[in-house]
Amino acid sequence: MIDIKNITKSFDSLQVLKGIDLHINKGEVVSIVGPSGAGKTTLLQIIGTLDKPDTGTICIDGVDTSKLNQKQLATFRNKRLGFVFQFHQLLPEFTAIENIMIPAFIAGTKRSQAEQRAKELLQFLGLSERAHHKPNELSGGEKQRIAVARALMNNPAVVLADEPSGSLDSTNKKELHQLFFDLRDRFGQTFVIVTHDEELASLTDRTIKMRDGKLENLTATPSSQESPTAE
């Protein structure tokens with residue numbers, strides 16, 4: 001699903017990524033952990049085609065992203081990748097269902113089709129009754145679940161999450177963590193999650209540890225090595 005080969009990245013004289021090689025299977029829920037400054041978010045942004053590496057290649061679902069021009073990259077991001085951030089980044093002037101539909105509108109999907117898909121996601125997330133509420137009328141946990149629904153709107157192959165539970169209380173964290181696995185089982189997406197949350201990291205199929213721009217070691221549970229969709 002994701003093949004990363006010899007990725008390096010520097011900002012001026014600071015080398016942030018120092019030759020990253022990594023393979024992530026379809027349907028895996030993978031966490032990336034490490035101290036601040038390890039390069040986790042930079043790697044996630046490069047996987048998400050939001051930034052370009054200095055060297056190396058990334059293939060996602062059979063597509064070599066280095067061969068795409070800016071317009072093609074934008075289309076690829078919109079249709080094949082979903083993003084969840086620490087702070088929900090919902091647009092305050094739009095309702096929950098309108099926020100969810102935004103990626104579909106960017107992709108040129110008809111409103112009727114986009115609305116049907118958004119309603120399906122809201123129902124799956126148990127938020128149907130909140131569809132027409134604006135962000136300031138939603139709880140923190142509800143906002144983040146709406147953000148997850150938005151990430152899933154175009155049925156992406158990969159969902160990338162940067163500290164997705166960082167702004168939530170313990171109860172909402174647990175619900176969000178379980179949601180990732182429920183979504184993987186229901187829709188088959190691959191999840192790559194940057195997190196400082198040890199509880200979330202311990203639940204994922206594989207934990208990737210970074211330090212000083214390098215991968216320290218790769219760990220996985222026996223079940224996830226046999227089948228990336230195993231519990």
Side-chain angles (χ1 to χ4, degrees), residues 1-61 65-66 73 76-77 80-89 144 147-148 150-151 156-168 170 172-174 176-177 179-181 183-184 189-221 224 228:
M1 169 55 69
I2 304 176
D3 281 300
I4 300 170
K5 295 181 179 179
N6 193 34
I7 292 296
T8 65
K9 180 67 178 181
S10 296
F11 296 98
D12 297 323
S13 61
L14 177 64
Q15 188 172 18
V16 178
L17 299 179
K18 304 173 182 178
I20 302 294
D21 292 291
L22 179 64
H23 177 78
I24 298 172
N25 294 316
K26 178 178 174 59
E28 273 194 294
V29 179
V30 173
S31 57
I32 302 177
V33 302
S36 298
K40 305 182 300 297
T41 295
T42 299
L43 177 60
L44 196 74
Q45 289 174 339
I46 289 175
I47 295 173
T49 73
L50 297 171
D51 200 357
K52 288 187 175 183
D54 296 331
T55 65
T57 59
I58 296 179
C59 290
I60 301 175
D61 205 15
T65 59
S66 66
L73 278 173
F76 180 83
R77 276 194 300 271
R80 308 292 284 278
L81 303 177
F83 297 88
V84 181
F85 305 98
Q86 178 175 354
F87 301 101
H88 50 82
Q89 305 294 343
Q144 198 63 311
V148 171
R150 179 182 58 192
V158 178
V159 176
L160 305 171
D162 192 359
E163 297 288 358
S165 60
S167 62
L168 301 179
S170 58
N172 281 307
K173 279 185 180 182
K174 290 180 180 179
L176 183 66
H177 295 171
L179 176 62
F180 290 136
F181 296 95
L183 290 169
R184 185 270 304 275
Q189 268 96 7
T190 302
F191 282 80
V192 183
I193 306 167
V194 164
T195 184
H196 283 100
D197 194 303
E198 295 181 1
E199 181 181 2
L200 174 56
S202 70
L203 294 172
T204 57
D205 297 327
R206 196 149 50 111
T207 301
I208 297 165
K209 296 182 179 180
M210 291 189 67
R211 183 177 294 275
D212 298 328
K214 297 180 180 180
L215 302 186
E216 280 196 320
N217 66 306
L218 304 181
T219 60
T221 63
S224 67

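Heavy atoms only: backbone and side chains are in, while hydrogens, waters and symmetry mates are out.
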For the student: nearest non-hydrogen atoms of Pro156 and Gly82, plus distance = CB-N, 3.6 Å
Output for pair (Leu160 CG, Leu44 CG), nearest 0.5 Å, gives 5.0 Å
Begin with the C-alpha distance, continue with both residues' side-chain angles, and end with the deciding distance and a verdict on side-chain hydrogen bond (donor to acceptor under 3.5 Å, both in side chains) for Thr65 and Thr49.
-> CA-CA 7 Å; Thr65 59; Thr49 73; over 6 Å; no
Hey, are the side chains of Phe181 and Leu203 touching, using non-hydrogen atoms and a 4.5 Å cut-off?
-> yes
Got a second to check how far Ile47's CD1 is from Ile4's CD1, nearest 0.5 Å?
-> 3.5 Å
Within the distance-only criterion (no hydrogens, no angle test), does the side chain of Gln144 pair as donor or acceptor with the backbone N or O of Phe85 below 3.5 angstrom?
-> yes
Determine, step by step, whether Glu199 and His177 satisfy the side-chain hydrogen bond (donor to acceptor under 3.5 Å, both in side chains) criterion, reporting the C-alpha distance in whole Å, the side-chain angles of both residues, the deciding distance to 0.1 Å, and the verdict.
-> CA-CA 9 Å; Glu199 181 181 2; His177 295 171; 4.9 Å; no
Return the minimal non-hydrogen interatomic distance between Pro53 and Ile46, and the atom names on each side.
-> CD-CG2, 3.9 Å
Drop me the distance from Thr42's OG1 to Met210's CE, to the nearest 0.5 angstrom.
-> 8.0 Å
Test side chain to side chain contact (heavy atoms under 4.5 Å, CB included) on Asn25 and Thr190 and set out the steps.
-> CA-CA 8 Å; Asn25 294 316; Thr190 302; over 6 Å; no
Looking at CG of Leu50 and OG1 of Thr41, how far apart are the two atoms once the value is rounded to the nearest 0.5 Å?
-> 11.5 Å
Below 4.0 angstrom, N of the basic side chain to O of the carboxylate: do Arg206 and Glu28 qualify?
-> yes
Of all heavy-atom pairs linking Ala151 and Val84, the shortest is CB-CG2, 3.8 Å
Are Thr195 and Glu163 close enough that some pair of their side-chain heavy atoms sits under 4.5 Å apart?
-> yes
Electrostatic pair Lys18:Asp212 at N-O distance under 4.0 angstrom | no
Once you round to the nearest 0.5 Å, how far does NE2 of His196 lie from OG of Ser31?
-> 12.0 Å
Give the C-alpha distance, both sets of side-chain angles, the deciding distance and a yes or no for side chain to side chain contact (heavy atoms under 4.5 Å, CB included) between Asp162 and Phe83.
-> CA-CA 8 Å; Asp162 192 359; Phe83 297 88; over 6 Å; no
Over all heavy atoms of both residues, which pair between Leu17 and Gly39 is shortest? Give the atoms and the distance, please.
-> CD2-O, 3.5 Å
Indicate the atoms forming the closest heavy-atom contact of Ile193 with Phe180, along with that distance.
-> CD1-CD1, 3.9 Å
Report yes if the side chains of Arg80 and Ile60 come closer than 4.5 Å at any heavy-atom pair, otherwise no.
-> no
Would you indicate whether the side-chain heavy atoms of Ile208 and Val33 approach each other to under 4.5 Å?
-> no
Hey, does the side chain of Lys9 reach the backbone of Asp51 with a donor-acceptor pair shorter than 3.5 angstrom?
-> no
Expected output: side-chain Lys209 to main-chain Ile32 donor-acceptor under 3.5 Å = no
Looking only at atom types and distance, does a side-chain atom of Thr207 sit under 3.5 Å from a main-chain N or O of Ala201, one as donor and one as acceptor?
-> yes
Nearest 0.5 Å, what's the CG-CE distance between Asp3 and Met1?
-> 10.0 Å
Side-chain contact, heavy-atom cut-off 4.5 Å: Asp54 with Thr8?
-> yes
Are side-chain heavy atoms of Val192 and Val159 found at a separation under 4.5 Å?
-> no
Short question: side chain of Arg150, backbone of Gln89 - any donor-acceptor pair under 3.5 Å?
-> yes
Close side-chain approach of Ile2 and His23, heavy atoms under 4.5 Å = no
Is Arg184 paired with Asp205 through a side-chain N to carboxylate O contact shorter than 4.0 Å?
-> yes
Under a 4.5 Å cut-off applied to non-hydrogen side-chain atoms, are Thr57 and Lys5 in contact?
-> yes
Taking Asp21 for the side chain and Asn6 for the main chain, is one N or O donor matched with an acceptor at less than 3.5 Å?
-> yes
